[in-house]
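A quick write-up on the structure given underneath.
As the structure is a computational prediction, the values presented were derived from the model and not from experiment. All heavy atoms count here, side chains included; hydrogens, waters and symmetry mates do not.
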Amino acid sequence: MPRYNPAVVEPKWQQYWEAKKTFAAAKSPVGPKLYVLDMFPYPSGNGLHVGHPEGYTATDIVCRFERMNGKSVLHPMGWDAFGLPAEQHAIKTQQPPRVTTEKNIATFRRQLKSLGFSYDWDREVSTTDVEYFRWTQWIFLQLFDTWYDTAAKKGRPIAELPIPAEVSAQGGLAVDKYRDEHRLAYQLEAPVNWCPNLGTVLANEEVIGGVSERGGHPVVRIPLRQWMLRITAYADRLESDLEGLDWSEGIKALQRNWIGRSTGAEVDFYIGREPGRNGKPHPAEFKQWRDARGASGFPRTAGPEVLRVFTTRPDTLYGATYVVVAPEHPLVERLTMPDRKAEVQAYCEQAARKSDLDRTDLAKHKTGVFTGSFAANPANNRPVPVWIADYVLAGYGTGAIMAVPAHDERDYAFAKQFDLPIIPVVDPGEGSKIRAEVLGGALCYADHGTAMNSSEYDGTPTAEFKTKITAELARRGEAREAVNYKLRDWLFSRQHFWGEPFPILHELDDAGNPTGRLRAIAPESLPVNLPPMTEFKPHGRPEPPLEEAPQDWLYVTLDGKRYKRETNTMPQWAGSCWYFLRFIDPKNSDALIDPALEKAWMPVDLYIGGAEHAVLHLLYARFWHKVLFDRGIVTMREPFQKLVNQGMILGELEITGYQRADGSWVSARDVKEGENEKSLHRQTGEELRAVRVASADAKKEGDSLVLVADAAIRLDSRAYKMSKSRGNVINPDDVVKEYGADSLRLYEMFMGPLEATKPWATTGVNGVRGFLDRVWRMIVNDRADELEIHPAVQAVPLTEEQDRILHRTIRDVTQDIRRLSFNTAIAKMMEFTNFYTGCEVRPREAMEKIVLLLSPLAPHIAEELWELLGHPETLAYEPWPTFDEAKIRESTIEIPVQILGKVRGRIIVPADADDAAIEAAARADEKIAPLLEGKTIVKTIIAQKRLVNFVVK
RNA sequence: GCGAGAGUGGCGGAAUUGGCAGACGCGCUGGACUUAGGAUCCAGUACCGUAAGGUGUAAGGGUUCAACUCCCUUCUCUCGCACCA
């Protein structure tokens, strides 16, 4: 009995494709090209997750579909294989990360191949391949060699950086330093999470509540020399270039949000070089300063005699009743009056100890300290007190703000806390319910309105006022328009072993100490390989593990000078920033990519991956790509034309009930969530046990799910993220073994829309397997002893109905695949199969067409049936079936007839009937006619031959 | 708090521009064939009602001949960001 047996069929075709190199892409596209890319996976030790094949199947369907439509398809796969787990494994077991990584890659490769994806495996790359990261390092050298010309809005070679005369006058070292400060890759002392007990530096996500995730050891923030990438220089372009991309608005919004552009003004508040009497600026000096500013204009950088603030609401300047600087602000010392010194110092130290998280968590309760000094509000020249508070972030804007408590929630809370004056300067308008409270200073109002308490500007609408006052202050040299971004420069170094080494050398003096001069490795001397290491245990200092590398790696002598290698490594993001370029020309040893091939294949036409990379990976990759564009290495502004995020696949739906310790039930309504996901009784607070309830023991009552045994006990029903600890992880290998790869692929596509989050249901896999079984039996004679065509399949013409259904199916499936609406495409093919299975005679032509339609989604069974139908070659390049709209049209159509919007009958009319004929038929219908009797027809609507509606009285 | 997305049968989900709500699948019920079935085939399956009929797309309101779809208000859930001035 030749039953459908994927365990035989699938390996057979996988071997065929591999042996014949069916899916090897041409070096350059022949005819129209299509570059379809999956976000390449991190090959973790756990193997493939069912989430991976979701996106991979979607791209595979598109690729197979478009090959049949004559496109030259590039569809590669590789590995994002640097990463912490391999290093942690090495620390535990002494097994080198490369060994673990390669083992994991082998597992992933085997699993992906078992799912029949049509990758061009000849192009496989791993970020950990030395020949790959050679070019990652090469790109770093480009970043190092580039400065951002803000006037030209373009990255340019560092050699073209204009050197100010006063810098060149100071000599070569000063020039070098000046250049280093302007490179896109630069060094900075930045705080890291140092855990003395573990002897290692931790990533932010490894620190929870001030202690290490592993072991719960204390973590302190210490400054360490780091490499930074100047992504902020590209913030504007990263935002504005989103516009032309075919990405969902949601993802664009996420990126815009992350970049966080806000426009406003920088305003200088005069403080004087030295504090005057009572901490207030000296009036005479202040006047002098104002006159000078009027002449000189607004300087690029603020001197120590002013506090420069950034505001998006310059219109509220008259309401700025105090100024706040961050505890890290460079002028803290100058601002602090002698009698406040102890208090200020204590406050700043305390703030330094808090992590970023602590600072924001305690947002409700504002803290701060008065410096004792005052700054002059440029709107009215009045002195306002200067405070220090950690609600102002040092890293954003200028690290100082003008506080307008009447119109900013945070300033309002702070003013209330410390009893500072609140002056309303924006009138919400007479229509506003809260106007009286706002004008009385009892409520904060952050929206637009009209100006008040703002001298000659009173009555000006907010938007107009903003530009007016900014222009006026700019004229006086006290402010300028300014743009700020939430986006920060990218901390690009990690204190890990398992990452790309930086191609940078630090010059040493005769005593072996760094001189501060950097030397980039010559591009032709790349790659800088990782040194062989025998010991992976942390050496106990915050410096990177490569500090313990063998001396002959660590120290280099070039041109008679001694250098020490950079021992930081790059973050995991680095390799994934450009892998899509390497896939185009993976074996090129002379260049990152052949420019002709880049031009031919880029951009990526379709990029599918998880939403977890919606911000960082995409932003970083776009940034690198723009730098490469500026430097003439690539020709496209943007790498990813169309982006789709597949939704998460959750575990099976779970019904949960709650029990007390004695086993008695508690209704879910009385359960609240405590810490660590513990369930607590809402009233008594006692801890409850969450137990899984079988679906047979639950029933729906009204809107809620209750116990069959006791309808008073409500239950929770939801699907959870798959996780080892919950024990709801589905292993794709098991599904392939039990149902076959085609069933897994088909099920994941049938679950629902690609972008939706959906729960797994194994019964659903069984369902699509049933469909494949039916397709098989529609074509294969399952009663014969040998594999042979079903006797019902005959080389005869199609009946009119068969033809109509065939052509309709071709049309719908084609459209649905184009829209990435695979669930409905599958439904249409199920309808086809249900119909044709019922036919005594199944024309061969129809069978061949359905096999072709099915082949992108379930390629193995399709190839097998295609072969059985007498085609010795793969169907991968068969032309995609076409349809004839004329054949889909029916000779008669059924039209529902409504009276007052309710369906009361149906009529059958010739397809070419005009509106008058349709109306006549509707009036004459035996169900409709009696209902119309005695009524006045006010209006008759005949909608596109799809519906008739009588409006009667 | 801000931003994005979603809410349709017992479940996953369908429904070009507003035009027959519930395609397709799971599950369930009944039947056929069977020694047997987790195989296969047939029929039924939103809810209330014996029926005629009525009611239904988170809740409420609106626009329209006609609303899952458009507008307003509210609620719930998911995801992201979170003192960004």
Exercise for the section: Report which part of the nucleic acid A:Lys252 touches: base, sugar-phosphate, or nothing (heavy-atom distance under 4.0 Å, all strands). Expected result: nothing

Practice task
Determine, using ring centers only, whether A:Tyr322 and A:Phe414 are less than 6.0 Å apart.
Solution key: yes

Exercise for the section: Please work out if A:Ile941 contacts a base, only the sugar-phosphate, or nothing of the nucleic acid, heavy-atom cut-off 4.0 Å. Expected result: base

Exercise for the section: For A:Arg904, report the nucleic acid contact type (base, sugar-phosphate, nothing); a contact means any heavy atom under 4.0 Å. Expected result: sugar-phosphate

Exercise for the section: Just jot down the salt bridge (Lys or Arg N to Asp or Glu O under 4.0 Å) partners of A:Arg769, sequence neighbours excluded, or say none. Expected result: A:Asp773

Problem - B:A59 to B:G49 separation - C1' atoms, rounded to the nearest Å - result: 26 Å

Completion exercise
A:Phe750 atom CZ is separated from B:G25 atom C1', nearest whole Å, by 4 Å

Problem - Any N/O donor-acceptor pair, A:Arg946 side-chain to B:C20 base, under 3.5 Å - result: no

Practice task
Would you indicate what A:Ala943 reaches in the nucleic acid, counting non-hydrogen atoms under 4.0 angstrom: base, sugar-phosphate, or nothing?
Solution key: base

Exercise for the section: Using a cut-off of strictly less than 4.0 Å, decide whether A:Asn949 has a side-chain nitrogen or oxygen near OP1 or OP2 of B:G19. Expected result: no

Practice task
Indicate whether OP1 or OP2 belonging to B:C65 is found under 4.0 Å from a side-chain N or O atom of A:Thr940.
Solution key: no

Practice task
Find out whether A:Val267 and A:Thr470 are in side-chain contact, i.e. whether some heavy atom of one side chain is under 4.5 Å from a heavy atom of the other.
Solution key: no

Fill in the blank from the handout: Between CZ of A:Arg769 and P of B:G38 the distance, given in whole Å, is 17 Å

Problem - Short side-chain N/O contact to B:A85 OP1/OP2 from A:Tyr391, under 4.0 Å - result: no

Handout entry: Basic-acidic side-chain contact under 4.0 Å: A:Glu919, A:Arg923
Key = yes

Problem - B:G37: syn or anti, per glycosidic angle within 90° of 0 - result: anti

Completion exercise
The correct list of stems in which RNA chain B takes part (3 or more consecutive Watson-Crick or G-U pairs, distances under 3.5 Å) is B:1-7 with B:75-81, B:10-12 with B:24-26, B:27-32 with B:40-45, B:46-48 with B:53-55, B:58-62 with B:70-74

Completion exercise
Taken to the nearest 0.5 Å, the spacing of A:Phe310 CZ from A:Asn484 CG works out to 4.0 Å

Handout entry: Nearest-neighbour nucleotide for the A:Arg819 side chain, B:C81, B:A4, B:A15 considered
Key = B:A15

Practice task
Would you mind reading off the distance between A:Met751 atom CE and B:C11 atom C1', rounded to a whole angstrom?
Solution key: 12 Å

Practice task
Applying side-chain contact (heavy atoms from CB on, under 4.5 Å), run through A:Gln898 and A:Val948 and close with a yes or a no.
Solution key: CA-CA 6 Å; A:Gln898 299 183 332; A:Val948 179; over 6 Å; no

Handout entry: Whole-angstrom distance between B:U17 and B:A66, as gauged at atom C1'
Key = 15 Å

Problem - Test item: A:Tyr720 and A:Leu650 side chains (from C-beta on) under 4.5 Å apart, heavy atoms - result: no

Exercise for the section: Answer with base, sugar-phosphate or nothing: what part of the nucleic acid does A:Asn834 contact at a heavy-atom distance below 4.0 Å? Expected result: sugar-phosphate

Exercise for the section: Quick one: label A:Gly250 by what it contacts on the DNA or RNA (base, sugar-phosphate, nothing), any heavy atom closer than 4.0 Å. Expected result: sugar-phosphate

Practice task
Measure from the side chain of A:Pro759, starting at C-beta and using heavy atoms only, and say which of B:C24, B:G12, B:A14 lies closest.
Solution key: B:G12

Problem - Whole-angstrom distance between B:A39 and B:U57, as gauged at atom P - result: 37 Å

Completion exercise
Closest to the 5' end of RNA chain B, once A:Lys939 and A:Leu947 are matched to their nearest nucleotides, is A:Leu947

Handout entry: Length of the OH-P vector between A:Tyr739 and B:C26, whole Å
Key = 12 Å

Problem - Touch class at under 4.0 angstrom, heavy-atom based, for A:Arg774 against every strand present - result: sugar-phosphate

Exercise for the section: Starting from the C-alpha separation in whole Å, work towards a yes-or-no answer on side-chain hydrogen bond (donor to acceptor under 3.5 Å, both in side chains) for A:Ser262 and A:Tyr396. Expected result: CA-CA 11 Å; A:Ser262 54; A:Tyr396 183 76; 2.8 Å; yes

Exercise for the section: Mind checking A:Gly767 for me? I need base, sugar-phosphate or nothing, with any heavy atom below 4.0 Å counting as a touch. Expected result: sugar-phosphate

Fill in the blank from the handout: Side-chain atoms of A:Met830 come closest, of B:C24, B:C20, B:A85, to B:C24

Practice task
Sticking with atom P, work out how far B:A15 lies from B:G22, rounded to a whole angstrom.
Solution key: 13 Å

Practice task
Would you mind checking if A:Asp268 and A:Arg308 are paired as a salt bridge, meaning a charged N to carboxylate O distance below 4.0 Å?
Solution key: yes

Practice task
Would you mind reading off the distance between A:Lys486 atom NZ and B:C81 atom C1', rounded to a whole angstrom?
Solution key: 6 Å

Handout entry: Gap between atoms NZ and P, on A:Lys758 and B:C11 respectively (whole Å)
Key = 19 Å

Handout entry: Atom P, compared across B:C11 and B:A46: separation rounded to whole Å
Key = 14 Å

Handout entry: Whole-Å gap separating C1' (B:C77) and CG (A:Leu653)
Key = 14 Å

Practice task
Go through the steps for A:Glu654 and A:Arg726 under the test salt bridge (Lys or Arg N to Asp or Glu O under 4.0 Å), then give the verdict.
Solution key: CA-CA 11 Å; A:Glu654 293 177 31; A:Arg726 193 168 271 278; 3.3 Å; yes

Practice task
Using the P atoms only, state how far B:U34 lies from B:A52, rounded to an integer number of Å.
Solution key: 37 Å

Handout entry: Nearest-neighbour nucleotide for the A:Lys366 side chain, B:G19, B:A14, B:C83 considered
Key = B:C83

Handout entry: B:A21 to B:G53 separation - P atoms, rounded to the nearest Å
Key = 15 Å

Handout entry: Inter-residue atom distance A:Asp734.CG - A:Leu744.CG, 0.5 Å rounding
Key = 11.0 Å

Exercise for the section: With heavy atoms under 4.0 Å as the rule, sort A:Ser248 into base, sugar-phosphate or nothing. Expected result: nothing

Practice task
Check every strand shown and say whether A:Arg777 touches a base, only sugar-phosphate, or nothing at a heavy-atom separation below 4.0 Å.
Solution key: sugar-phosphate

Practice task
Check whether any side-chain nitrogen or oxygen of A:Asn645 sits under 4.0 Å from OP1 or OP2 of B:C79, and answer yes or no.
Solution key: no

Problem - Residue whose nearest RNA chain B nucleotide is more 5′ - A:Thr837 or A:Thr757 - result: A:Thr757

Exercise for the section: Considering only atom P, compute the distance from B:G1 to B:U74 and round it to an integer number of Å. Expected result: 12 Å

Handout entry: Interatomic distance, A:Asn257 CG vs B:G1 C1' [rounded to whole Å]
Key = 13 Å

